Protein chains: 2
Amino acid sequence: MPAPSKKPPSAAPPASASLPTRRGRASGGTTLLEVARLAGVSAMSVSRALNAPNQVSPSILAKVRAAVDATGYVANRIAGSLASRRSRLVAAVVPSIAGPVFQGMVQSLIAELAAHDHQLMLGQSGYGTQEEDALLEAIIGRRPDGIVLGGVVPSPAGRRRLAASGIPVVETWDMVADPIDMLVGFSHEAIAATVASFLIERGHRHLGFVGGNHERAARRARAFADAALNRPEGVPASTVVVETVVAPATVRSGRDALREMLQREPRTDAVFCSSDVLALGVVTEAGARGLRVPQDIAVIGFGDLDFAADVSPSLTTVRIDSTRIGQLAAQFIVRRSQGLDVDHARVDVGFSIVPRESA
Amino acid sequence: MPAPSKKPPSAAPPASASLPTRRGRASGGTTLLEVARLAGVSAMSVSRALNAPNQVSPSILAKVRAAVDATGYVANRIAGSLASRRSRLVAAVVPSIAGPVFQGMVQSLIAELAAHDHQLMLGQSGYGTQEEDALLEAIIGRRPDGIVLGGVVPSPAGRRRLAASGIPVVETWDMVADPIDMLVGFSHEAIAATVASFLIERGHRHLGFVGGNHERAARRARAFADAALNRPEGVPASTVVVETVVAPATVRSGRDALREMLQREPRTDAVFCSSDVLALGVVTEAGARGLRVPQDIAVIGFGDLDFAADVSPSLTTVRIDSTRIGQLAAQFIVRRSQGLDVDHARVDVGFSIVPRESA
DNA sequence: TTGAAAGCGCTAACAC
DNA sequence: GTGTTAGCGCTTTCAA
């Protein structure tokens, strides 16, 4: 084995087919250079043939394609990312993918990104600030082309880090007042107020709210209570009882919540749940107690999950276009990574109430 | 601006704090070299202080930490991955994250990987072979430290690609006969046979099966029918009717399936569903038709999803330890990427029947 | 259109 | 323990 210790890097190895056996650093698979040699063209031509085929003559294109097929070459995107400073990777952080709420968004994120040749890295926060900051650091270290935050409110330190990183950030699920960068969401306050009106207009006066133990749910609960207690039309004030459940939302926690709620306020005649899963639990518990839904107690869920229309009674619920949220977030990031300006980077996707049997 | 066009790379720039202003390639953020200069040590010492703190003297460690804090430096893992040939990225492919079946696995994958400083890249197949092969190519291009396949059966070409890539692969959810590499799963045939016996022993003779329109569900259906028709104990043969629903499994498709099943075989007195969501649909439809569950018709689901115990009637179901599947898959890959041998790389995690009210 | 040179930011290997 | 050197495999830049 010849060991030229200080050979300048410019001198190309002899055109043999042998693998490069430099200092002890074993090579992985086929490289661009090997494909180039096989095709009898330069490395740059191979790169162009792969990434910008229309900038290359048909003859080179054919030669490169043949060499790629012969070798089974798959370009190393790590090297490409380092050189081009574009990772084509997007990171998403959600509290937990267990809850069905973010599924639609993550799903459409993946699909939309894939359509633009980007991939998704998925992280779960929700194990405390410590872990969340570590996660953000791990994410920033990968230099993703964008970061999507789903229902996550980073710590002040985390926010600063994100902002300082210069990486495009899309916050979702909430129209926060002071976004880090871009924003695709809806107003939890508006939803709560609308649902409260919906129930009061139908004659309900003893309203309950069931939601998680996080800040967003608390805001929604407050808005719900405010709207119920201070109706502009002068409708008699209602009582409102709030039941907090620990995340994640399950059928069980919905059942438990209704039980406790009825202990605190037996007259409760309508319940707004921050998830259809909780709503299903409330409906189930009501049935087990001989309460009729909606006659004795009305129930409104959130999410319009796929089962909402098909359980019995079918669930009245708040529908969010989570697919659109994912698509917009992906598009914003892809556009940014192409150097384009994103104009409408604060989007409220709105919501609608889907009236069904349960309310 | 001085423009030394052919300066040899060995000559270090003057120790000024100015950003490197080479040829026109703008630098991103702080680099390792800048931290090193600020700390007054070599680049390697910074690298060691960050990645192997115990190989470094306390004094250097302190200087490096100070410099890192001062600059807000976050190491670029793309460069690190390229140099070390370890991306610390693991890819997972599932048919769809919409179905709740893979959630547990993905969740524990993320958590377990995070504990070992790895991240998860998530891809969705299930849009046809074309897209799936493109996805595999995109994944291989990122040189992940491992690939986890969840309920995905790649095309022959895809399998060859994966095998040729040399990347550790863990197939999950099924004890396939000829795995590409590692395997963590359970036997769909064994489950089907056990469920069939369970139902026949309880006196049911007209069994139905509801499952998706994919190969795995078909195998399970076949095994279910075989077990029902050829019982070793000589129990009189049963009739079996199979109802195929299109993925993804929803409450709606479960309801539809029962309706059609009863048209084809009105005597059906027990149904095995390949998902608890389908089972919930079957139970709901049965209720809507005045059939009592389990007296008139027994229902068994699959997955033991979080609602299974808490709906009414509660669902008898097949439980899989999906958390363990994710953990094992992650551990196998992490161990491999550390150069360790993985011995028990074919694990059958088994299953159990959880008897509740519905059967 | 095509190619040569230079380097993206880091770490493995080797010397001290 | 610490530093030096030489890349990892690709793309940007510039020149032909």
Side-chain angles (χ1 to χ4, degrees), chain A residues 3-12 20-36 39-61 63-64 73-87 141-143, chain B residues 3-12 20-36 39-61 63-64 73-87 141-143:
Chain A
S5 190
K6 297 254 168 165
K7 191 169 67 168
S10 59
T21 316
R22 303 180 209 73
R23 272 236 295 215
R25 211 128 139 175
S27 188
T30 312
T31 68
L32 191 76
L33 204 64
E34 287 163 16
V35 174
V41 300
S42 74
M44 261 324 290
S45 289
V46 178
S47 176
R48 290 197 187 100
L50 264 33
N51 299 318
N54 53 342
Q55 286 180 28
V56 137
S57 68
S59 93
I60 284 197
L61 200 55
K63 283 191 245 175
V64 170
Y73 173 70
V74 180
N76 185 332
R77 290 206 173 193
I78 296 176
S81 297
L82 180 59
S84 69
R85 290 128 171 290
R86 292 185 54 198
S87 61
R142 292 197 187 271
R143 306 293 192 266
Chain B
S5 190
K6 297 252 168 166
K7 192 170 67 167
S10 58
T21 317
R22 305 180 207 74
R23 273 235 293 211
R25 210 127 138 175
S27 190
T30 314
T31 68
L32 190 76
L33 204 63
E34 287 162 17
V35 174
V41 300
S42 74
M44 261 326 287
S45 288
V46 178
S47 176
R48 289 196 188 102
L50 263 33
N51 300 317
N54 54 343
Q55 287 180 27
V56 138
S57 70
S59 93
I60 284 198
L61 201 54
K63 282 190 249 176
V64 170
Y73 172 70
V74 180
N76 184 332
R77 289 207 174 194
I78 296 175
S81 297
L82 181 60
S84 70
R85 291 131 167 292
R86 293 185 54 199
S87 61
R142 292 197 187 271
R143 305 294 190 266

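Residue numbers begin at 1 in each chain, while the letters A, B, ... track the order of the sequences. Keep in mind it's a predicted model, so treat the numbers as computed, not measured.
- For Ser57(B), counting side-chain heavy atoms from C-beta on, the closest listed nucleotide (dT11(D), dG1(D), dT4(D)) is dG1(D).
- Atom pair Leu61(A):CG and dT2(C):P shows a separation of 10 Å (rounding to whole Å applied).
- Side-chain N or O atoms of Ser47(A) include none that pairs as donor or acceptor with a backbone N or O of Ala43(A) at under 3.5 Å.
- Contact annotation: Asn51(B) reaches the phosphate of dT11(C) (side-chain N/O to OP1 or OP2, under 4.0 Å).
- Applying the 4.0 Å criterion to OP1 and OP2 of dT11(D), one finds that Ser47(A) has a side-chain N or O inside that range.
- For Ser84(B), the listed nucleotide lying nearest its side chain is dT11(C); candidates were dC10(C), dG9(D), dT11(C).
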>> Between Ile78(B) and Arg85(A), is the side chain to side chain contact (heavy atoms under 4.5 Å, CB included) condition met? List the steps.
In response: CA-CA 9 Å; Ile78(B) 296 175; Arg85(A) 290 128 171 290; over 6 Å; no

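- Rounded to whole Å, the distance from CG on Leu50(B) to C1' on dT11(C) is 12 Å.
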>> Apply side chain to side chain contact (heavy atoms under 4.5 Å, CB included) to residues Asn76(B) and Thr31(B) and explain how you reach the verdict.
In response: CA-CA 8 Å; Asn76(B) 184 332; Thr31(B) 68; over 6 Å; no

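- The CD1-C1' distance, from Ile78(B) to dC8(D), rounds to 14 Å in whole Å.
- Between the CZ atom in Arg77(A) and the OG atom in Ser84(A) there is a gap of 10.0 Å [rounded to 0.5 Å].
- Checking Gln55(A) against Met44(A), the closest nucleotide of DNA chain C that is more toward the 5' end is the one next to Gln55(A).
- Among the nucleotides dG9(D), dT11(C), dC10(D), the one closest to any side-chain atom of Leu32(B) is dT11(C).
- Leu82(B) places its CG atom 11 Å from the P atom of dT11(C), with the value rounded to the nearest Å.
- Protein atom CG of Leu33(A) is 13 Å distant from nucleotide atom C1' of dG3(C), rounded to whole Å.
- Atom-to-atom, CZ of Arg142(A) to P of dC10(C) comes out at 14 Å; the value is rounded to the nearest Å.
- If you measure from atom CG of Asn76(A) to atom P of dC8(D), you get 12 Å, rounded to the nearest angstrom.
- Distance Arg143(B) CZ to dT11(C) P: 19 Å, rounded to the nearest Å.
- For Val41(A), counting side-chain heavy atoms from C-beta on, the closest listed nucleotide (dG3(C), dT11(C), dG3(D)) is dG3(C).
- In the interface, the side chain of Arg48(B) is paired with the base of dG3(D) through a donor and an acceptor atom under 3.5 Å apart.
- Side-chain atoms of Thr30(B) never come within 3.5 Å of backbone atoms of Tyr73(B) as a donor-acceptor pair (strictly under, hydrogens ignored).
- Within the 4.0 Å cut-off from OP1 or OP2 of dG9(C), not a single side-chain nitrogen or oxygen of Tyr73(B) is found.
- For dT2(C), neither phosphate oxygen OP1 nor OP2 lies less than 4.0 angstrom from any side-chain nitrogen or oxygen of Ser45(A).
- No contact: Ala43(A) has no heavy atom under 4.0 Å from any strand.
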